[in-house]
Amino acid sequence: MKFSKKLIIWYLEHQRNMPWRQTKDPYSIWLSEIILQQTRVSQGLPYYLAFKTAFPTVFELAAATEEEVLKLWQGLGYYSRARNLHYTAQYIVRELNGVFPKTYDQLLKLKGVGDYTASAIASICYNEVVPVIDGNVYRVLSRVFGLDTPINSSPALKEYKSLASQLIDVSRPATFNQAMMEFGAIQCKPQSPDCTICPFADRCFALQHAKVSELPVKLKKTKIKKRYFNYFVVRLPDNTLLIQQRKNVGIWEGLYEFPLIESNKLMEPEALEKEEAFSHLVRNKSFSLTRYKEAPIVHKLSHQHLYTRFYVLDICEAPNLKVDQSLIPVATIRDYPVPVLIGNFIESFF
DNA sequence: AAAACGGGGGT
DNA sequence: ACCCCAGTTTT
């Protein structure tokens, strides 16, 4: 039986029931695809539901502020997705009268929409015959057809897309694409898939050559860097708090945090007090500085480990605020979008 | 071509 | 500790 036919039969039997499968509304599909980039369904699902409730259509999303969008995105990671989501919503409303582009080529021009997402929206919403290539599809094709080009190398996308283009069911591209991804997620999963119940066991290259655990091939990633963050929870007598918004600083762009002194190694309070950034906060007045916890909190990101300490700094007079800094009532701290690292501290401290 | 960009969950 | 996740953008 043809690959696509057998795949779709498997899909109709085994697919999970998910909210974005009940619609072809491009806004809903776009939203779900952005949320699910590099994100498991189990993690993204509650965010999808929350966004649909807060912003039922692209018009409500466009009418929101970027800060509101980031707040709802808090905890999901890769925050450029949220900023691009908001930017694109405003673009679609203001420039396209709220109507989504309808082709792969046009969709690809949207911020935050790359090859995968353009293919997904075009095929699912408009039945355009373009294959999606995501992590699941790479794995399925690599194993079943024995492709060993590293999936994170330059030529990979072209090669895998070429093969997928030959396999796609031209009469049912939407179903085929979702079936490929669902098959990779449920059956042809990364570790120890149960090949005894696989519909392609009779033809799978990896299974027949005992290479299921070797495929797909992936180039090793860059090593993890250590960074040292010293945060100052600056409190004033009027029960206000000093926070600042991250801008052009790599991770967490657009989110809020406390004043930060980054160092090359773990630092003691006496050394921190000598920093210019610290002097600026206390303005040579009296202050009280206490470390919140002795052991550094290690916050792990994909590519860096953040060794973090929080200091509570009570001062008697407001410092001169830098750009991006503001004094806020303590009670309103939870209204601001913050990284998980900061959010965890807020929950345990306040 | 590589690196940057989060956080959660599995082994 | 290392891998993966309905990837995209920047360097």
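In the text below, chain A, chain B and the rest are named by the order of the sequence lines, each starting its count at 1.
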Would you measure the distance from the P atom in B:dG6 across to the matching atom in C:dT11 and give it in whole Å?
14 Å
C:dA6 to B:dA4 separation - P atoms, rounded to the nearest Å
24 Å
What is the nucleic acid contact for [X], judged by heavy atoms within less than 4.0 Å: base, sugar-phosphate only, or nothing?
| X | value |
| --- | --- |
| A:N177 | nothing |
| A:M18 | base |
| A:G184 | nothing |
| A:I35 | nothing |
| A:K220 | nothing |
| A:Q74 | nothing |
| A:K218 | sugar-phosphate |

Distance check needed: [N] [atom2] versus [X] [atom1], whole Å only.
| X | N | atom1 | atom2 | result |
| --- | --- | --- | --- | --- |
| A:N152 | C:dC5 | CG | P | 11 Å |
| A:L219 | C:dC4 | CG | P | 12 Å |
| A:L215 | C:dC4 | CG | C1' | 16 Å |
| A:D115 | C:dA6 | CG | P | 17 Å |
| A:Y138 | C:dC3 | OH | P | 18 Å |
| A:R227 | B:dA4 | CZ | P | 10 Å |
| A:I133 | C:dG7 | CD1 | C1' | 13 Å |
| A:W30 | C:dA6 | CH2 | C1' | 16 Å |

Looking only at heavy atoms, what is the nearest atom pair of [X] and [Y], with distance?
| X | Y | value |
| --- | --- | --- |
| A:K52 | A:S28 | NZ-OG, 2.8 Å |
| A:C195 | A:A201 | O-CB, 3.7 Å |
| A:R334 | A:I346 | NH2-O, 3.7 Å |
| A:G184 | A:N136 | C-OD1, 3.5 Å |

When only distance counts, do a donor and an acceptor, one from the side chain of [X] and one from the base of [N], lie under 3.5 Å apart?
| X | N | result |
| --- | --- | --- |
| A:T117 | C:dG7 | no |
| A:R21 | C:dA6 | yes |
| A:Y116 | C:dG7 | no |

Holding to salt bridge (charged side-chain N to carboxylate O under 4.0 Å, His left out), I want the full list of residues that pass it with A:K285, two or more places apart in sequence or in another chain.
A:E317
A:S263 and A:N230: side-chain donor and acceptor closer than 3.5 Å?
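A:N230 and A:S263 do have a side-chain donor-acceptor pair below 3.5 Å.
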Look at [X] and [N] and indicate whether a side-chain polar atom (N or O) is within less than 4.0 Å of OP1 or OP2.
| X | N | answer |
| --- | --- | --- |
| A:K223 | C:dC2 | no |
| A:W20 | C:dA6 | no |
| A:Y79 | B:dG7 | yes |
| A:H303 | B:dA4 | no |
| A:R139 | C:dC5 | yes |

Does A:R246 reach the main-chain N or O of A:V249 with its side chain, forming a donor-acceptor pair under 3.5 Å?
yes
Ignoring hydrogens and angles, tell me if any N or O in the side chain of A:E253 forms a donor-acceptor pair with the backbone of A:S80 under 3.5 Å.
no
Hey, which sits more toward the 5' end of DNA chain B by its nearest nucleotide, A:Q191 or A:I251?
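First, find each residue's nearest nucleotide; the 5'-ward one identifies A:I251.
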Do the charged groups of [X] and [Y] touch, with an N to O distance under 4.0 Å?
| X | Y | result |
| --- | --- | --- |
| A:E182 | A:R16 | yes |
| A:D148 | A:K211 | no |
| A:E33 | A:R81 | no |

Show your working on side-chain contact (heavy atoms from CB on, under 4.5 Å) between A:Q244 and A:L242 and close with a plain yes or no.
CA-CA 7 Å; A:Q244 58 191 26; A:L242 182 52; over 6 Å; no
Hey, could you give me each pair passing ring pair (Phe, Tyr, Trp, His ring centres under 6.0 Å) that has a residue in residues 93-131 of chain A? Not counting sequence neighbours.
A:W30-A:F100
Got a sec, which pairs hit ring pair (Phe, Tyr, Trp, His ring centres under 6.0 Å) with one end in residues 243-301 of chain A, sequence neighbours left out?
A:F232-A:F278, A:Y256-A:Y336, A:F258-A:F345, A:F278-A:F287, A:Y292-A:F345, A:Y292-A:F349
Could you pull out the protein-nucleic contacts involving nucleotides 9-11 of chain C (nitrogen or oxygen on both sides, under 3.5 Å)?
| unit_1 | atom_1 | unit_2 | atom_2 | d |
| --- | --- | --- | --- | --- |
| C:dT9 | OP1 | A:G112 | N | 2.4 |

Can you list, by residue number, the residues of residues 36-58 of chain A that have a non-hydrogen atom closer than 4.0 angstrom to DNA chain C?
A:L36, A:Q37, A:Q38, A:T39, A:R40, A:V41
Paired and unpaired positions of DNA chain B as dot-bracket, Watson-Crick or G-U wobble under 3.5 Å, | denoting a partner strand:
|||||.|||||
